[in-house]
Structure formats: structure tokens, C-alpha cells
Amino acid sequence: MNKISFSQLITALLLSSAFMLMCLSAPVGIEYMAGTAISFALQAILCIPIIFLYKKGFSLSAYCNEKHYVIPCLFALYFMLRGGVSFILVWNGGKQLSLPFSEPLVTAVLIGIVCLYTASLGICAFARTSSIVFGILTLTVAVLLIGAWQRIDTMELAETAENTILGSTLRNLSLVDTLPALFVLLNFTDGKKTHKALMFLPIGLIMWEIVLFLCITVLGSLLPTAPYPFFLLTAVSQPFSSQRADALYLILFVLLCILRITLLTVLSAHLLGMVFPKLKFRSIISLLVMIGAAAAFSTINYTESIFCIITILVFAFVIPLIFCVMLKNHNSWKKEEKA
């Protein structure tokens, strides 16, 4: 099985989180900044069973080898549904950035083709690509800071009637589908220093808080009218007087959406392969289910909800916790020790 390093795992999760940040449509205020900090602290707590489980040598592949198929199928379905949500975010975000292709079906097909090719290269190729895109993300944040620096007004950091810390915490928690991805991605790593994977949380928190701070202090009175604060921030915060940086933000958005959907495709196809080793075209099946889910979600005006938080709790905390309890009596679920 292909292996990835912990730095590559962290990068992949950070890019997925960055995509959700770019597509954020929740009311933003100082309460949301506080709620985001609490959300990341809760995520660290939720990760404890996952880290403990893999430190004890758990292997999802070994678990599946004993013909336990329900859990892998549920995870695969979860990732495909989250892929459907990602397509909806791409469609909505594309309207803000004026993508050259605006039809949802055309967008889904074009992105699906690219994701299919990327997924066919395997998890290692995906991980190497993530490292390159992370460099572009870092450059973009630097350009954003340069453009916004002189427009910052700290007087805008005031409490608002629209937000509460509790509501903001729950809204942010509904976006953190990186935790179930962490559970499966750790199966691709080698070694017991799984705590290194948690570095994506403090780095991700810093990234979120920087962007939220800029949205509040730069946009000011424009913020309540912004359906997508990040995109309005990029339009207002231009670093150069003669050259706009829109192309950089457009490139980053497209790369992030491709990598996120590719990650979900790779994970769901990998899990399907565990359950159905002879099944062909697993990546194609995963992408088709994602596009179908996106079409279904768009007809019912699906939005992030408490259901998202419940599923994240189940896949990121409850299932790993059950595995922790059962692992003592199932040594066959552990990785084989090398001589």
C-alpha cells in the first residue's frame, strides 16, 4: 500500500480546510473568531481516540481483511456525500470569482475529469501535489496580508447582535470533515508518532483567524452584505495599484477545489477497494455519486446543519472510540510488526 509522510498528511488536511474557509458563507464577526478557536480546541479533543488507536498499532486494512465491511462502506459513503457538498461550494463560489464556465453540470464534468486523472495517480502523487499547492496557498495569504495591511481598522472588532459564540462554534464544527479524513489517512502512514498529525490544527487555526480578522477589520460595514466574505476581501484588498491579484485567488480556488474533491475521491475509492477488491472504475463510481449527491442537495437547498456535526462526531470520535475499546481483544486488527 502507498505510504505518505506526516507532513504530507498535514498539508492535505490544511488544503481541505482552506477550501472550506474560502467558501465560508456564515456571518463573520468577533464572535465567530472566538467560536472558531473553541471549535479547533474541540477538534483536538475529538482526535484523541484516533491518535490513541493508531498509536496502539491499529490498521484499517487489517480490520477489513477480516471481512468487516460495514464501517468502510459508511466512511466511503460519507466521503462521497461530502464530495457532493464540495461540488455545490464550487458552483456557488465560482459565481463570485466569475469562472469561465458557469453551468453547474459543465463545471462538475470538467473538475471531475481533472480529479479522476489526479486520483488515478495514487495517494503518493496526490500528497506531492498538495505540497506544491500549499506553497501557493502560503504565497496567497502573504499577498492578501500585503493588500489588506493598510486597510485594517481594529475599531470594527466589536460584538454584533447577529452572532453568538455558541452558534459560531457549531457553525464552524459543521465544516470540519477533515477529522474523518484524518482517521482514514493515518492508515497510509508508517510509524507510531501519530501525534504529529495534530499539527494541522494549530496551523489551521492560525490560518482561519488571520482571514477572519482581515474580513472583519477590512470589510467593516460591507461585511453584512457579503455572502462570501473571503471573496469580497480579495476584491477589496489589492496589493498593487496597477495590477490586480484576482488571477492568483482564482488559481488557488480552482486548485483547492480539485485537490479536495480528489482527496475525497481517493479515500472513497480506496475504501471501496477494501470492501470490493475486484470492483473496477472505483474512482469513476465515487465521482458519479458525488455529482449525483450535489444535484440532489441543490434541489433541496441543502445547507450545513446539526446533521453534519452529528456525522462528524460519529465518524471522528464514536467509531474510533469503539475501536479503542475493542482493540485489546483483536490483535489481528493491528499492523504486522516488521522483523
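We count residues from 1, following the sequence as given.
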Report summary line: Taken to the nearest 0.5 Å, the spacing of C47 SG from L201 CG works out to 5.0 Å

Show which side-chain atoms of residues 8-21 pair as donor or acceptor with protein atoms under 3.5 Å away, not counting sequence neighbours.
from : atom 1 : to   : atom 2 : distance (Å)
Q8   : OE1    : S5   : N      : 3.0
Q8   : OE1    : S5   : OG     : 3.4
T11  : OG1    : S7   : O      : 2.8
S16  : OG     : R260 : NH1    : 2.6
S17  : OG     : W208 : NE1    : 2.9

Query raised in the report: Which residues satisfy the side-chain hydrogen bond (donor to acceptor under 3.5 Å, both in side chains) test with K56, sequence neighbours excluded?
Result: none

Query - F52-I50 co-clustered via ILVMFWY side chain contacts under 4.5 Å - result: no

Query raised in the report: Would I203 and L212 show up in the same hydrophobic cluster when neighbours are defined by side-chain heavy atoms closer than 4.5 Å?
Result: yes

Requested in this report: Report yes or no: does S286 contribute a side-chain atom to a donor-acceptor pair with the main-chain N or O of R282 at less than 3.5 Å?
Outcome: yes

Query raised in the report: Sub-3.5 Å donor-acceptor pair from the side chain of N187 to the main-chain atoms of S59, do we have one?
Result: no

Query raised in the report: Is the gap between the ring centers of F276 and Y69 under 6.0 Å?
Result: no

Query raised in the report: Which distance, rounded to the nearest 0.5 Å, do you find between the CZ of F134 and the CG of L256?
Result: 11.0 Å

Report task. Output the distance between atom CZ (F253) and atom CG (L89), rounded to the nearest 0.5 Å. Result -> 8.0 Å

Query - Taking every non-hydrogen atom, the tightest pair across A148 and L214 - result: CB-CD2, 3.9 Å

**Report entry** Residues in ring pair (Phe, Tyr, Trp, His ring centres under 6.0 Å) contact with F183, at least two apart in sequence or another chain
**Finding:** Y54, F75

Query - Contact summary for A269 and S283, nearest pair of heavy atoms - result: CB-OG, 3.7 Å

Query raised in the report: So do I123 and H270 actually touch side chain to side chain, heavy atoms under 4.5 Å?
Result: no

Query raised in the report: Hey, any chance L46 and V325 share a hydrophobic cluster, counting ILVMFWY side chains that come within less than 4.5 Å of each other, even indirectly?
Result: no

Requested in this report: Can you see which heavy atom on V218 is nearest to which on S237, and at what distance?
Outcome: CG1-OG, 3.7 Å

Requested in this report: Ignoring hydrogens and angles, tell me if any N or O in the side chain of N65 forms a donor-acceptor pair with the backbone of S61 under 3.5 Å.
Outcome: yes

Report task. Count the heavy atoms belonging to other residues, nucleotides or ligands that lie under 6.0 Å from CE of M199, then report whether that count exceeds 12. Result -> no

Report task. Find out if a path of hydrophobic residues (ILVMFWY) with successive side-chain heavy-atom gaps under 4.5 Å connects V266 to L121. Result -> no

Query raised in the report: Which pair of non-hydrogen atoms, one from L186 and one from A197, has the smallest distance, and what is that distance?
Result: CD2-CB, 4.1 Å

Query raised in the report: So do R151 and V236 actually touch side chain to side chain, heavy atoms under 4.5 Å?
Result: yes

Requested in this report: Any chance you could lay out the side chain to side chain contact (heavy atoms under 4.5 Å, CB included) test for L173 and L42, step after step, and finish with the verdict?
Outcome: CA-CA 9 Å; L173 274 177; L42 292 175; 3.9 Å; yes

Query raised in the report: Between M22 and F230, is any pair of side-chain heavy atoms under 4.5 Å apart?
Result: yes

Query raised in the report: Could you go step by step and tell me if L182 and T178 meet the side chain to side chain contact (heavy atoms under 4.5 Å, CB included) rule?
Result: CA-CA 6 Å; L182 170 66; T178 49; over 6 Å; no

**Report entry** Interatomic distance, R82 atom CZ to L263 atom CG [nearest 0.5 angstrom]
**Finding:** 12.5 Å

Query raised in the report: If you measure from SG on C115 to CD1 on I258, what distance do you get to the nearest 0.5 Å?
Result: 5.5 Å

Requested in this report: Sequence neighbours left out, what passes side chain to side chain contact (heavy atoms under 4.5 Å, CB included) with V318? Give chain and number order.
Outcome: I322

**Report entry** ILVMFWY network linking I319 to V70, side-chain heavy atoms under 4.5 angstrom
**Finding:** yes

Report task. Measure the shortest side-chain to side-chain distance between C64 and H68 over non-hydrogen atoms and say whether it is less than 4.5 angstrom. Result -> no

**Report entry** pair L223-P229: side-chain heavy atoms closer than 4.5 Å
**Finding:** yes

Query raised in the report: Is there side-chain contact between F317 and L179, with at least one heavy-atom pair below 4.5 Å?
Result: no

Report task. Start with the C-alpha distance between F297 and L81, add both sets of side-chain angles, then the distance that settles side chain to side chain contact (heavy atoms under 4.5 Å, CB included), and finish with yes or no. Result -> CA-CA 9 Å; F297 289 153; L81 293 178; 4.1 Å; yes

Query raised in the report: Does T311 reach the main-chain N or O of F307 with its side chain, forming a donor-acceptor pair under 3.5 Å?
Result: yes

Query raised in the report: After noting the C-alpha distance and the side-chain angles of S86 and L264, does the key distance pass the side chain to side chain contact (heavy atoms under 4.5 Å, CB included) rule?
Result: CA-CA 10 Å; S86 299; L264 296 172; 3.8 Å; yes

Requested in this report: Taking the side chain as every heavy atom from C-beta outward, state whether L24 and L175 have any atom pair closer than 4.5 Å.
Outcome: yes

Query - For T262 against A119, the heavy-atom pair lying closest together - result: CG2-N, 3.8 Å

Query raised in the report: Between the main-chain N or O of T265 and the side-chain N or O of S268, is there a donor-acceptor pair closer than 3.5 Å?
Result: yes

Query - Closest heavy-atom pair and its distance - G84, A294 - result: O-CB, 3.3 Å

Requested in this report: State which residues pass ring pair (Phe, Tyr, Trp, His ring centres under 6.0 Å) with F323; sequence neighbours excluded, sorted by chain then number.
Outcome: F58, Y63, W333

**Report entry** Residue list, side chain to side chain contact (heavy atoms under 4.5 Å, CB included) with I285, at least two apart or on another chain
**Finding:** L279, V289

Query - Heavy-atom side-chain contact between L287 and I261 under 4.5 Å - result: yes

Query raised in the report: Counting N and O atoms only, with roles assigned by atom type, does the side chain of T194 sit under 3.5 Å from a partner on the main chain of I51, one being a donor and the other an acceptor?
Result: yes

Query - L205 CG to Q43 CD distance, which is reported to the nearest 0.5 Å - result: 9.0 Å

